[in-house]
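Worksheet: one structure, shown below.
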Amino acid sequence: MRITLTHPFDLSPSEARDVQRLLRVQVEEAPPLRPEKVRLVLGTDVSYLRTDRLALAAAVCCSVPELSVVEQRASEGPLRFPYVPGLLSFRELPALIPALQAMECEPDVILADGQGVAHPYGIGLASHLGLIAGRPTIGCAKSVLVGEYEEPGPVRGDWTPLMYLGRRVGAALRTRTGVKPIFLSVGHRIDLESAIQVTLALTRGYRLPEPQRLAHLACEQLKRAHRANQVTGRSEPLLA
DNA sequence: GCGACAG
DNA sequence: ATCTTGTCGC
């Protein structure tokens, strides 16, 4: 898939903040996404080998509704940017971009670990990713960055809106009965209702939607392989 | 000044 | 997220 970069990533936190100011106006709203048009969904995740200041990324494309893996890519990159709440995309996207560029699939929706517009400046990781990928994205986080919400009902599918500055920026969604809710956030070119429906359709027996869970597992594998290579003294590229 | 704070 | 051991519950 094609990635369009309109700004550099080797920035200082304050420069990154300036970039967000310019990018936020490009995040688009969108009419309901027709569920039957969603045939491919991409899950993404990034993990770190803190000791090596290295970031490992994985992207897994799944078919819908089967949720079978269609394509899987991985990439890595040096960890240059610090973790600063609100600037996560500048820390994680650089490592993930090569994997996205290598992806042959053309996903209809992309899931990202983090927030979308439920962000202090309206441009969290998911929204930022949506802009450079030019596709609909959904922020899929395990906790909240900004906003308020009421505890959703106890059954799978129950949800409550995540409100921020008087806007509905996401939702606390119970993806499984009996587990803590996950926090969806509108990313780019998608509406909240569609994001909720799509996410539920992608969730099977785990708290996180399948593409996200698989991307996370892939990252764990990458880490293990990486450590193993280090011990063996080898340094071959991993996974396609 | 204090507390909160995606991953 | 990462660093870490055991432990409570379905």
Side-chain angles (χ1 to χ4, degrees), chain A residues 9 13-14 16-17 19-20 23-24 27 43-59 74-97 99 110-131 137-149 154-156 162-165 167 169-173 175-188 192 195 199 205-209 211-227 230:
Chain A
F9 271 95
S14 88
R17 174 69 188 83
V19 168
Q20 289 186 320
L23 294 182
R24 66 177 305 175
V27 177
T44 63
D45 191 35
V46 176
S47 63
Y48 319 129
L49 281 181
R50 202 196 226 169
T51 54
D52 297 340
R53 293 176 59 193
L54 188 68
L56 304 177
S75 56
E76 57 181 60
L79 210 39
R80 299 194 165 100
F81 202 90
Y83 170 68
V84 179
L87 299 178
L88 183 63
S89 63
F90 293 89
R91 178 174 170 80
E92 302 199 338
L93 288 184
L96 176 64
I97 288 172
I110 299 177
L111 268 38
D113 254 306
Q115 305 294 339
V117 300
H119 177 281
Y121 312 126
I123 177 153
L125 171 62
S127 299
H128 195 162
L129 175 54
L131 286 182
T137 55
I138 298 173
C140 200
K142 295 174 287 300
S143 61
V144 172
L145 175 58
V146 296
E148 310 80 45
Y149 68 96
V155 178
R156 166 180 161 81
L162 173 62
M163 306 294 293
Y164 185 56
L165 303 180
R167 304 270 301 170
V169 293
L173 173 65
T175 51
R176 254 195 86 174
T177 300
V179 302
K180 293 186 301 181
I182 63 172
F183 301 89
L184 295 190
S185 175
V186 173
H188 177 58
L192 185 56
T199 301
Y206 292 89
R207 183 159 88 119
L208 295 177
Q212 285 301 85
R213 192 177 71 82
L214 295 174
H216 191 283
L217 287 178
C219 275
E220 291 301 297
Q221 296 302 323
L222 290 171
K223 270 187 290 187
R224 304 202 156 167
H226 210 283
R227 298 196 222 262
Q230 209 163 41

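So that the names make sense, note that chain A is the first sequence line, chain B the second, and so on, each numbered from 1.
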Distance check needed: [N] [atom2] versus [X] [atom1], whole Å only.
X       : N      : atom1 : atom2 : result
Q212(A) : dA1(C) : CD    : P     : 11 Å
K223(A) : dT4(C) : NZ    : C1'   : 13 Å
L217(A) : dA1(C) : CG    : P     : 12 Å

Counting primed atoms plus P, OP1 and OP2 as sugar-phosphate and everything else as base, spell out the protein contacts along nucleotides 1-7 of chain B at 4.0 Å heavy-atom distance: B, S or - for each nucleotide, 5' to 3'. ----BBB
Nucleotide by nucleotide, nucleotides 5-10 of chain C touches protein heavy atoms under 4.0 Å in the pattern (B base, S sugar-phosphate only, - none) ------
Counting only N and O atoms by type, is there a donor-acceptor contact under 3.5 Å from the side chain of [X] to the main-chain atoms of [Y]?
X       : Y       : value
Q115(A) : S143(A) : yes
Q212(A) : T44(A)  : yes
S185(A) : V117(A) : yes
S89(A)  : G124(A) : no

Are Y121(A) and H128(A), when compared by the centres of their aromatic rings, separated by less than 6.0 Å? no
Side-chain touch [X]/[Y], heavy atoms, less than 4.5 angstrom:
X       : Y       : answer
V27(A)  : L131(A) : yes
I182(A) : P209(A) : yes
P181(A) : T175(A) : no
L208(A) : K142(A) : yes

Can you run through DNA chain B from 5' to 3' and write each base as (, ), [, ], | or . depending on how it pairs? Watson-Crick or G-U wobble, both distances under 3.5 Å. .......
Would you please test L87(A) and Q20(A) for side-chain contact (heavy atoms from CB on, under 4.5 Å) and show each step? CA-CA 9 Å; L87(A) 299 178; Q20(A) 289 186 320; 3.3 Å; yes
